[in-house]
Amino acid sequence: MLGSMSTRDPRAAGLARLAGLIADETRAVCLLALLDGRAWTAGELARHAGVAASTLSEHLGRLVAGGLLAEERQGRHRYVRLADATAAQLVEDLAARVAPDDVRRPRTLRQAGAGSAMARGRTCYDHLAGRLGIAVTDALAARGLLRRDTGFALTDAGLRWFDAAGIALDRRGRRPLARACLDWTERRPHLAGTAGAALCGHALRAGWCVRIGSERAVRVTDTGERALSELLGIEAAVLR
């Protein structure tokens, strides 16, 4: 009788399957690595995760079938990337909820250096994160270019600022123009959405930032320090 009167949410089974996809450390390693926004080969991910290629291939198959990853083949190489911005948002939001005490401490100086670089500045799928991302977000808000009182939203002055800086905003898609993304190292939200992606893309193309190492870390260049100081008043010391 109770079973026939169940009001179980029909989304429950799908949510459980999705959670099961992520609830494996090897697959989680791959998803976090792919937050750099680039496509990786299966071999690169296998080496990064420290597992055999055959094992990794099985994991990737499940993630592709589950809609979290997209794949494409070029010759004998199989490339995978996060399926879209919503998949990236899911991974980053979950990662931001990991308690600091649950994060493994670096065992070597190299690991410590890599972790420090990631905390200083990195890409979060297609936008800036870490202290760099927070500094840019705070500067936009301080100048009245970004509102944070009822969620993130660019002001009219903010729209004009992007135009004046030569950073084009694509408003044709369904992706929000500005969105708050909780930063997993700073524990505060940074700018994501179309505006965050446009700003990050411009920063990389203009040479304000360069990627360092094999993960998502980025470093602000001398050119970037000057640009961010002139455009947003961010002091160079904050970016180092």
Side-chain angles (χ1 to χ4, degrees), residues 9 11 14-15 18-19 21-22 31-39 63 66-70 80-98 118 121-206 208-209 211 216 218 224 227-228 231-232 234:
D9 192 313
R11 298 170 298 177
L15 179 59
L18 178 61
L21 279 176
I22 303 173
L31 291 169
L32 288 169
L34 290 166
L35 278 175
D36 68 358
R38 295 178 287 186
L63 290 169
L68 290 178
L69 298 186
V80 293
R81 54 178 173 76
L82 289 172
D84 51 31
T86 59
Q89 179 183 342
L90 173 65
V91 175
E92 186 71 13
D93 286 350
L94 288 173
R97 295 182 181 276
V98 176
M118 287 277 283
R122 64 183 182 276
T123 55
C124 171
Y125 187 53
D126 60 0
H127 54 273
L128 297 172
R131 291 198 300 273
L132 169 60
I134 293 296
V136 169
T137 301
D138 286 348
L140 288 168
R143 282 156 181 73
L145 309 177
L146 175 71
R147 291 187 57 183
R148 297 188 289 192
D149 50 350
T150 55
F152 276 21
L154 292 182
T155 63
D156 290 341
L159 293 173
R160 292 193 296 271
W161 181 88
F162 273 83
D163 286 339
I167 304 174
L169 295 176
D170 184 358
R171 309 184 202 182
R172 295 170 296 178
R174 292 185 294 179
R175 189 178 185 184
L177 191 59
R179 180 181 68 80
C181 180
L182 182 60
D183 196 291
W184 65 267
T185 52
E186 296 297 303
R187 303 288 159 171
R188 295 176 53 206
H190 55 243
L191 176 65
T194 298
L199 182 55
C200 178
H202 182 82
L204 291 169
R205 289 191 301 272
W208 296 359
C209 299
R211 296 186 184 274
R216 296 186 280 145
V218 296
L228 292 173
L231 292 171
L232 291 172
I234 300 176

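Using a 4.5 Å heavy-atom cutoff, the side chains of Arg187 and Asp183 are not in contact. Within the 4.5 Å cutoff, the side chain of Leu140 has heavy atoms near those of the Leu191 side chain. Contact check for Thr155 versus Leu159: no side-chain heavy atoms found under the 4.5 Å cut-off. Two residues are said to be in side-chain contact when any heavy atoms from C-beta on lie closer than 4.5 Å; Ile167 and Trp161 meet this criterion. Side-chain contact between Cys181 and Pro189 is absent, with no heavy-atom pair separated by less than 4.5 Å. Looking only at side-chain heavy atoms (C-beta outward), Leu128 and Thr137 stay at 4.5 Å or farther from each other. Two residues are said to be in side-chain contact when any heavy atoms from C-beta on lie closer than 4.5 Å; Leu177 and Phe152 fail this criterion. Inter-residue side-chain proximity for Leu154 and Leu169 is flagged as met; some heavy-atom pair is nearer than 4.5 Å.
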Stepwise side chain to side chain donor-acceptor pair (under 3.5 Å) check, Thr194 with Arg179:
CA-CA 8 Å; Thr194 298; Arg179 180 181 68 80; over 6 Å; no
Please assess Phe162 against Leu145 for the test side-chain contact (heavy atoms from CB on, under 4.5 Å), listing each intermediate value before the final yes or no.
CA-CA 9 Å; Phe162 273 83; Leu145 309 177; over 6 Å; no
Walk me through it: do Arg148 and Asp138 pass the test salt bridge (charged side-chain N to carboxylate O under 4.0 Å, His left out)?
CA-CA 10 Å; Arg148 297 188 289 192; Asp138 286 348; 2.8 Å; yes
Stepwise, does the side-chain contact (heavy atoms from CB on, under 4.5 Å) test hold for Arg211 with Leu204?
CA-CA 8 Å; Arg211 296 186 184 274; Leu204 291 169; 3.9 Å; yes
Report the C-alpha separation of Leu18 and Leu68 in whole Å, then their side-chain angles, then the decisive distance to 0.1 Å, and conclude whether the side-chain contact (heavy atoms from CB on, under 4.5 Å) test is met.
CA-CA 9 Å; Leu18 178 61; Leu68 290 178; 4.0 Å; yes
Test side-chain contact (heavy atoms from CB on, under 4.5 Å) applied to Trp184 and Glu92, step by step
CA-CA 8 Å; Trp184 65 267; Glu92 186 71 13; 3.0 Å; yes
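Using a 4.0 Å cut-off between a side-chain N of Lys or Arg and a carboxylate O of Asp or Glu, Asp126 and Arg38 do not qualify as a salt bridge.
The aromatic rings of His127 and His190 sit tilted, their planes meeting at an angle between 30° and 60°.
In this structure a side-chain-to-backbone donor-acceptor pair under 3.5 Å is present from Arg216 to Thr123.
Rounding to the nearest 0.5 Å places CG of Asp36 at 6.5 Å from CG of Leu34. For the atom pair CG (Leu228) and CG (Leu132), the distance works out to 7.0 Å, reported to the nearest 0.5 Å. Within the model, atoms SG of Cys209 and CZ of Arg122 stand 13.0 Å from one another, a figure rounded to the nearest 0.5 Å.
Nearest heavy-atom pair across Leu63 and Leu21 is CD2-O, 4.1 Å.
Around atom CZ of Arg143, more than 12 heavy atoms belonging to other residues, nucleotides or ligands sit under 6.0 Å away.
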